[in-house]
Amino acid sequence: MAKLQILDHPLIQHKLSLIRQKDKGAKEFRELVEEIAMLMAYEVTRHLPLKEVEIETPVTTATTKMLEGKKLAVVAILRAGLGMVNGFVKLIPAARVGHIGLYRDPDTLEPVEYFSKLPQDVPEREIILIDPMLATGGSASAAISLLKNKGARLIKLVVLVAAPEGVERIQKDHPDIEIYTAALDQGLNDHAYIVPGLGDAGDRFFGTK
Ligand SMILES: O=P(O)(O)OC[C@H]1O[C@H](OP(=O)(O)OP(=O)(O)O)[C@H](O)[C@@H]1O
Ligand SMILES: O=c1cc[nH]c(=O)[nH]1
Ligand SMILES: [Mg+2]
């Protein structure tokens with residue numbers, strides 16, 4: 001079953017509480033989402049393999065550790081996932097960045113795909129799929145299916161806020177995926193918005209409402 005990890009670092013929790021507040025404007029919302037994404041990137045890259053390297057410090061030569069150079073791709077689900085990209089690539093500058101355009105139809109709640117541009121060598125890369133919100137799980141599940149159809153084998157899903165319904169959906173559709181979230185909220189309301197959640201992440205980030 002897909003493993004769920006809640007990233008409960010105090011800085012992540014503090015900043016998440018700030019962006020949940022309805023009076024936060026787009027500027028503050030954007031800055032905080034980027035900061036939280038960076039902190040989450042730190043947590044989800046703990047497993048990256050290291051290799052020993054010989055270096056020269058100003059004092060002596062030494063054997064120290066550097067990243068082995070595992071191939072990574074950060075894939076954002078548009079639009080709201082864009083808000084997390086900078087935080088990730090600041091910490092992992094060598095990562096390739098892919099985009100999957102999906103919106104949730106407000107009536108059917110089904111994801112509608114409108115764009116996809118991914119690195120060519122997706123099968124050789126570990127994929128970090130990012131989207132702030134995991135509500136019904138329909139959008140993330142569709143994005144994971146698309147990535148798997150392109151040959152992706154190792155995918156981690158990283159979200160800011162998850163609903164139990166979305167987690168269950170991913171665990172059912174894609175039991176091989178690891179899910180990382182900053183919070184597991186109570187559930188969904190009648191419009192399938194996460195409660196308490198933070199509202200519509202894309203609209204708040206881009207100021208479109
Ligand atoms: O788990 P689900 O029920 O599928 O809902 C989650 C999706 O909804 C939001 O995107 P939205 O459709 O609002 O598109 P946007 O990012 O362009 O605003 C969010 O960013 C997720 O992609
Ligand atoms: O609460 C939610 C649910 C779906 N999409 C959002 O942006 N927020
Ligand atoms: Mg939206």
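For ligands, and for the atoms within them, numbers begin at 1 and follow the listed sequence.
- The closest approach between a heavy atom of R104 and any atom of ligand 2 is below 4.0 Å.
- Residue contacts with ligand 2: G199 is placed with a nitrogen or oxygen under 3.5 Å of a nitrogen or oxygen of the ligand (distance criterion only).
- Using cut-offs of 30° and 60° on the angle between ring planes, the pair F115 and H99 is tilted.
- The distance from atom CD of E52 to atom CD of E68, rounded to the nearest 0.5 Å, is 11.0 Å.
- Looking at A80 next to ligand 1, an N or O pair under 3.5 Å apart turns up.
- When the heavy atoms of D203, L102, T208 are ranked by distance to atom 14 (O) of ligand 1, first place goes to L102.
- For ligand 2, the polar-atom distance check against A135 finds no nitrogen or oxygen pair separated by under 3.5 Å.
- By heavy-atom distance, the residue among G137, S139, P111 lying nearest atom 1 (O) of ligand 1 is G137.
- Donor-acceptor pairing under 3.5 Å is lacking for the side chains of R104 and T136.
- For A135, a nitrogen or oxygen atom sits less than 3.5 Å from a nitrogen or oxygen atom of ligand 1, counting backbone and side chain alike.
- Closest protein heavy atom to atom 7 (O) of ligand 2: A201 N, 2.9 Å.
- Ranking the protein heavy atoms by distance from atom 12 (O) of ligand 1 puts R104 N, 2.7 Å first.
- Distance check for atom 9 (C) of ligand 1: every protein heavy atom is found at 4.0 Å or beyond.
- With salt bridges taken as basic N to acidic carboxylate O contacts below 4.0 Å, none links K209 and D200.
- Residues L82 and V159 do not share a hydrophobic cluster, defined by chaining ILVMFWY side chains whose heavy atoms lie under 4.5 Å apart.
- R96 places no side-chain N or O within donor-acceptor distance of the main-chain N or O of L72, the cut-off being under 3.5 Å.
- Among the backbone and side-chain atoms of D203, none of the N, O or S atoms lies under 2.8 Å from the Mg ion (ligand 3).
- With respect to atom 2 (C) of ligand 2, the closest heavy atom belonging to the protein is Y193 CD2, 3.3 Å.
- Close contacts of ligand 2 with I194, meaning ligand atoms under 4.0 Å from a residue heavy atom, involve 1 (O), 2 (C).
- With salt bridges taken as basic N to acidic carboxylate O contacts below 4.0 Å, none links K148 and D173.
- Counting only N and O atoms by type, the side chains of E56 and T61 include no donor and acceptor under 3.5 Å apart.
- Of all atoms in ligand 1, numbered sequentially from 1 with element shown, those under 4.0 Å from a heavy atom of M133 are 6 (C), 19 (C), 21 (C).
- Listed by number with element, the atoms of ligand 1 under 4.0 Å from a non-hydrogen atom of R79 are 15 (P), 16 (O), 17 (O), 18 (O).
- With a 4.0 Å heavy-atom cut-off, ligand 1 is reached by the side chain of D200 but not by its N, CA, C or O.
- Nearest N, O or S atom of D200 to the Mg ion (ligand 3): atom OD1.
- Linking Ile, Leu, Val, Met, Phe, Trp and Tyr residues whenever their side-chain heavy atoms come within less than 4.5 Å leaves L91 and L157 in two separate clusters.
- For atom 17 (O) of ligand 1, the nearest protein heavy atom lies under 4.0 Å away.
- None of M40, Q5, E178 except one satisfies the side chain to side chain contact (heavy atoms under 4.5 Å, CB included) rule with V158; the exception is M40.
- For atom 2 (P) of ligand 1, the nearest protein heavy atom (residue, atom name, distance) is T136 OG1, 3.4 Å.
- Here D131 has side-chain heavy atoms under 4.0 Å from ligand 1, and that is the only part of it that gets that close.
- Every atom of ligand 2 with a heavy atom of A192 under 4.0 Å away is listed here by number and element: 3 (C).
- To the nearest 0.5 Å, atom CG of residue L16 and atom CD of residue E35 are 12.5 Å apart.
- Ionic pairing of K27 and E31 is present here: one or more N-O contacts between side-chain nitrogen and carboxylate oxygen are shorter than 4.0 angstrom.
- Of the possible polar contacts, none joining the N86 side chain to the E34 backbone as a donor-acceptor pair under 3.5 Å is found.
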